[in-house]
Amino acid sequence: MIEFYISSKKIKGPFNLPLTMESGQTSQPPWKKDNSQFQEILIIDGAPCLVNIGNEDQDQDIAVKIIAESPNSIPQKAIKNKVIEIFSLNDNLDKLYDFLSEDPKLSPTVDHCRGLRIFKAKNPFECVISSISSANCSILRWTRSIQNIKQKWGDSYHFSSGNFHTFPTPEILSNVPEHDLEEIQRYEGEIPGNFMFKNNLQACGVGYRAKYIINTAKMVQTDINLKKLAKMKYEKAFETVLELPGVGPKVADCILLYGFGMKQAFPADVWIKRIIEFLYFSKNDLKPQKVREFGMENYGDWAGYVQLYLFHYARTSGLLESLRGK
DNA sequence: TTCCAGGTAGTCG
DNA sequence: CGACTACCTGGA
């Protein structure tokens, strides 16, 4: 077990950990909360590592306090780099706030979102499946589904603070039963009277997305290589992830933004459409594709952050409620 | 209790 | 191409 810190002086701008963790970004469900700390199992250099992080420390110089625990010996530097990547600690939020302040429509978001950062995937495949599961679905429901999938098919690791599960590999997930019928068809031997369906994807609450998830898990083993995707330019990567079943333009942008850190992505969901219309177009009925183009053209490399900040601002200011149904 | 939100895929013109 | 609708679940 090791304990160390990341200094505030090492990162550009503020960092609000609970806000980042609980803002509903589709990279992964929020980590397990323990008082003001958050815990999750990460695979670092191929080894399991329970990472506990907090940033409520009294000392103003500490941006993040990290306690890491692993049966293997993992260099502190590797753990630190993983945390920096997941919480986008290299992003310069001071520059973001300069950019937001230049646009009177965007400047109010700063006070509502100070320290909110992109919560990037700890595992890109998990982000692909999370994003597919989030389509046409509430945050509460898709996060619950992903937690179910991890519990049923992920590797389990026991630590003093509890059991943690990794997200299953594409190999494992592509071979799970899609629904009750398939689970019982595969059942070996006599079926007990008290048989409970639970080891199938639909039982995780993903609904009709189960077949998309299984087929996507198959495709990332063959046609679509996630490691190559990470190296593609944004436009090419967008076209590529669109080939996955259950992935349309909005989900594709979530995958590229939260899974691969492509910050020029502007995921255009129905809420962002309403917010953009309200702020910039008063009455028009924009097509989602137009909303996406508007975001990319006007916000450039800050598009992903603007989408995140607008949505969170609308949620916490009451704007979202007033736009409901429009 | 019924109703409805929320992106994608499939179908139709 | 654009317009329209079915899809599954759970919270209101």
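These figures come from a predicted structure and were not determined experimentally. Chain identifiers are assigned alphabetically (A, B, ...) following the order of the sequence lines, protein sequences preceding nucleic acid strands; residue numbering begins at 1 within each chain.
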Measure from the side-chain heavy atoms of [X] and tell me the nearest of [options].
X: Tyr212(A); options: dG10(C), dA9(B), dG7(B); result: dA9(B)
X: Val270(A); options: dT9(C), dG7(B), dA9(B); result: dG7(B)
X: Pro249(A); options: dT8(B), dC8(C), dG7(B); result: dT8(B)
X: Lys287(A); options: dG7(B), dA3(C), dT9(C); result: dA3(C)
X: Lys250(A); options: dT8(B), dA3(C), dT9(C); result: dT8(B)

Spacing between [X] atom [atom1] and [N] atom [atom2], to the nearest angstrom:
X: Asp180(A); N: dT9(C); atom1: CG; atom2: P; answer: 9 Å
X: Lys273(A); N: dT8(B); atom1: NZ; atom2: C1'; answer: 17 Å
X: Glu178(A); N: dC8(C); atom1: CD; atom2: C1'; answer: 12 Å
X: Arg209(A); N: dT9(C); atom1: CZ; atom2: P; answer: 9 Å
X: Arg141(A); N: dA12(C); atom1: CZ; atom2: C1'; answer: 15 Å
X: Glu321(A); N: dA12(C); atom1: CD; atom2: C1'; answer: 12 Å
X: Phe266(A); N: dG7(B); atom1: CZ; atom2: P; answer: 14 Å
X: His179(A); N: dT9(C); atom1: NE2; atom2: C1'; answer: 16 Å

For a quick check of understanding: with a heavy-atom distance under 4.0 Å over all strands, which category does [X] fall into, base, sugar-phosphate or nothing?
X: Val206(A); result: nothing
X: Leu140(A); result: sugar-phosphate
X: Lys211(A); result: nothing
X: Pro245(A); result: sugar-phosphate
X: Ile139(A); result: nothing

(Q) Check this one for me: any side-chain N or O of Arg144(A) less than 4.0 Å away from OP1 or OP2 of dG11(C)? (A)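 Answer yes for this pair, as a side-chain N or O of Arg144(A) is under 4.0 Å from OP1 or OP2.
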Q: To the nearest 0.5 Å, tell me how far His165(A) NE2 sits from Asn148(A) CG.
A: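 Output value for this atom pair is 10.5 Å.
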Q.
Please report the interatomic distance CG(Leu100(A)) to OH(Tyr313(A)), rounded to the nearest 0.5 Å.
A.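 Reported value, rounded in 0.5 Å steps: 12.5 Å.
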Q. Taking the six-membered ring for Trp, are Tyr299(A) and Phe266(A) parallel (under 30°), tilted (30 to 60°) or perpendicular (over 60°)?
A.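 If you compare the ring of Tyr299(A) with that of Phe266(A), the planes turn out tilted.
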Q | Pair Thr316(A)-His112(A), side-chain donor/acceptor within less than 3.5 Å | A |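 There is such a pair between these side chains.
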(Q) Tell me whether Lys32(A) at atom NZ has more than 12 heavy atoms from other residues, nucleotides or ligands lying less than 6.0 Å away. (A)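 For Lys32(A), atom NZ is crowded (more than 12 foreign heavy atoms under 6.0 Å).
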